[in-house]
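Working notes, beginning with the structure itself.
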There are 2 protein chains.
Amino acid sequence: MSKCEQCIVREFSSLKALTKDELLQLSDCKTSYTIKKGEVIFEEGENVNGIYCVKDGICKLTKLSPNGKDHIVKLVTKGELLGQRSMISDEPVNLSAVALEDMEVCFIPKSEVMSFFDKNNQFSMNVMKTICGDLKEADDNMVNLAQKTVKERLAETLLYLHDTFGKNEDNSLKVQLSRDELASMIGTATESCIRLLSDFNKLGLIELTGKKIVLKEINKLKKMADYDPK
Amino acid sequence: MSKCEQCIVREFSSLKALTKDELLQLSDCKTSYTIKKGEVIFEEGENVNGIYCVKDGICKLTKLSPNGKDHIVKLVTKGELLGQRSMISDEPVNLSAVALEDMEVCFIPKSEVMSFFDKNNQFSMNVMKTICGDLKEADDNMVNLAQKTVKERLAETLLYLHDTFGKNEDNSLKVQLSRDELASMIGTATESCIRLLSDFNKLGLIELTGKKIVLKEINKLKKMADYDPK
DNA sequence: TTAAAAATATGATATATGTCATATAAATGT
DNA sequence: ACATTTATATGACATATATCATATTTTTAA
């Protein structure tokens with residue numbers, strides 16, 4: 001069992017407020033998991049009695065709509081926590097978490113987190129700030145979905161993926177989403193998403209090579225998206 | 001200056017966790033305001049440095065989209081707090097708050113709230129839970145905007161207004177939104193909103209009398225709001 | 001390797017929704 | 001009470017996007 005004290009990822013999460021003692025305590029009660037690409041970490045409606053700390057990899061948080069389609073609400077990557085909202089609300093999780101790449105995550109039981117809440121105000125504050133950040137992001141997404149066209153949303157999402165998760169040596173986006181996933185992130189039909197990607201490609205804004213996407217004209221994409229990076 | 005200890009509204013907000021001493025302290029530092037219908041409490045981008053407790057009335061939280069249209073992100077009514085997110089994030093507010101009716105609100109400076117956070121864990125927890133609730137609501141709205149039709153969203157919003165804010169003696173919805181506001185809540189053009197209301201009216205689902213809206217067939221509206229696969 | 005399944009791509013078409021124009025009704029201010 | 005502005009309503013039309021069909025490519029598994 002690896003020690004939380006030495007975990008690089010800890011520095012980037014709310015857990016950075018924990019003291020050495022608390023980290024030792026944490027090491028003792030956490031459980032580490034390896035999750036393969038495509039595997040489910042938890043599913044909408046489940047009772048997850050704790051939180052996951054993402055050590056490596058990326059996952060999508062999805063919500064099933066009444067019409068049967070999944071919508072990707074958020075992507076979560078290393079250094080972030082999963083399941084905080086429902087743990088705090090004392091409810092089943094309202095989203096499913098599915099690995100987009102192989103992942104390493106640690107599970108921390110609720111009792112433990114709650115005891116940190118009690119003892120360590122800075123930690124509470126960090127968690128609160130994270131959730132507040134999520135809320136702001138959700139508000140922004142809402143307005144985008146309500147007011148922007150699919151084309152604008154696609155451009156914006158490509159830029160978001162670029163800015164947030166970076167690119168490979170060949171300049172292609174690091175997070176590799178299927179067309180279907182991309183569509184369910186921007187809230188459109190898969191075919192529409194494919195078509196618009198094709199258009200962007202023909203316009204020279206992006207370059208498509210199989211699943212790989214390279215952003216060629218970032219400024220034009222920004223203009224297209226009315227994108228303002230926070 | 002009225003005493004927070006005797007404020008009925010307190011019981012319904014996160015503030016219910018405060019002790020008698022804390023409430024006395026709160027009474028001393030709060031400022032009460034009367035806000036007339038249509039007046040702005042705060043505007044997107046402003047630095048609010050505290051939170052508002054809504055004692056009476058309803059307001060809308062709106063966000064301006066790049067295309068110049070407002071989107072109504074949420075309605076806030078008595079017993080709820082305003083501006084918590086940005087206070088905690090230490091950022092300017094990301095939403096504007098505008099009164100939909102005459103309101104009474106109390107402003108509580110940030111320093112005060114922070115001291116309660118430090119001293120009173122139950123209070124922190126309450127605030128956290130509220131924000132988590134907001135986040136869940138935002139996620140739900142996002143998926144609805146992404147996946148449901150305007151008609152479904154209109155039906156759902158009417159039901160939401162009905163369930164959340166109740167109705168007058170004549171059975172009309174208590175919150176009275178203009179067609180424009182209703183449209184910017186469901187994320188559509190004003191004309192589309194008006195047209196669909198007309199349709200609902202002709203179908204006997206609702207009854208329109210001037211600005212007043214009466215829900216006549218709640219069950220049919222519910223069926224309509226939940227997508228049913230054909 | 002090969003067959004089967006899934007993902008991507010693109011065309012044809014349907015439809016929901018937005019936009020523009022204009023009429024009427026209601027609200028507002030002088 | 002009047003004129004002026006603003007909100008509501010409705011028609012005609014444009015267009016973005018969804019849906020359905022089908023081909024092609026890629027991935028998966030046997």
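Proteins come first, then strands; the chains are lettered A, B, ... in the order of their sequence lines, and each starts at number 1.
Computed from C1' positions of five pairs at each end, the angle between the two local axes of the helix from C:dT1-D:dA30 to C:dT30-D:dA1 equals 60°, rounded to 10 degrees.
A:Leu197 places its CG atom 10 Å from the C1' atom of C:dT8, with the value rounded to the nearest Å. Rounded to an integer number of Å, the gap from B:Asn201 CG to D:dA9 C1' is 12 Å. As rounded to whole Å, 14 Å separates atom C1' of C:dT17 from atom CD of A:Gln147. The CZ-C1' distance, from A:Arg179 to D:dA18, rounds to 19 Å in whole Å. Going from atom CG of B:Leu196 over to atom P of D:dA9 covers 12 Å, rounded to whole Å. Here the C1' atom of nucleotide D:dA9 and the CZ atom of B:Phe200 are 17 Å apart, to the nearest Å. Atom pair B:Leu154:CG and C:dG18:C1' shows a separation of 16 Å (rounding to whole Å applied). Look at CG on B:Leu208: it is 6 Å from P on D:dA9, rounded to the nearest Å.
B:Ser65 and B:Asn67 are linked by a side-chain donor-acceptor pair at a separation below 3.5 angstrom, with hydrogens and angles left out of the test.
Ion pairing between a basic and an acidic side chain is recognised when a charged N comes within 4.0 Å of a carboxylate O; A:Lys212 and A:Glu207 show no such pairing. Between B:Glu104 and B:Lys78, none of the side-chain N atoms (NZ, or NE/NH1/NH2) sits under 4.0 Å from a carboxylate O, so this pair counts as no salt bridge. Ion pairing between a basic and an acidic side chain is recognised when a charged N comes within 4.0 Å of a carboxylate O; B:Asp139 and A:Lys63 show no such pairing. The residues A:Asp163 and A:Lys222 are annotated as not salt-bridged, no charged nitrogen and carboxylate oxygen being separated by less than 4.0 angstrom.
For the atom pair CD1 of A:Ile218 and NZ of A:Lys216, the computed distance is 11.0 Å after rounding to the nearest 0.5 Å.
By the 30° and 60° cut-offs, the orientation of the rings of A:Tyr33 relative to A:Tyr52 is tilted.
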- Task: Check the pair B:Ser172, B:Val214 against side chain to side chain contact (heavy atoms under 4.5 Å, CB included), reporting the backbone distance first and the verdict last.
- Result: CA-CA 4 Å; B:Ser172 64; B:Val214 178; 4.0 Å; yes
I'd like a table of atom pairs between the protein and nucleotides 10-16 of chain D - only N or O on both sides, under 3.5 Å - with the distance next to each one.
{"residue": "D:dT10", "atom": "OP2", "partner": "B:Ser198", "partner atom": "OG", "Å": "2.3"}
{"residue": "D:dG11", "atom": "N7", "partner": "B:Arg195", "partner atom": "NH1", "Å": "3.0"}
{"residue": "D:dG11", "atom": "O6", "partner": "B:Arg195", "partner atom": "NH2", "Å": "3.0"}

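Between A:Lys69 and B:Thr190, the residue anchored nearer the 5' end of DNA chain D, judged by the nucleotide with its closest heavy atom, is B:Thr190.
Of the residues listed (A:Glu181, A:Glu39, A:Glu101), the one engaging A:Lys60 in a salt bridge (Lys or Arg N to Asp or Glu O under 4.0 Å) is A:Glu181, and it is the only one.
At least one side-chain nitrogen or oxygen of B:Thr188 sits closer than 4.0 Å to the OP1 or OP2 atom of C:dG18.
For B:Lys211, the listed nucleotide lying nearest its side chain is D:dT8; candidates were C:dA9, C:dT17, D:dT8.
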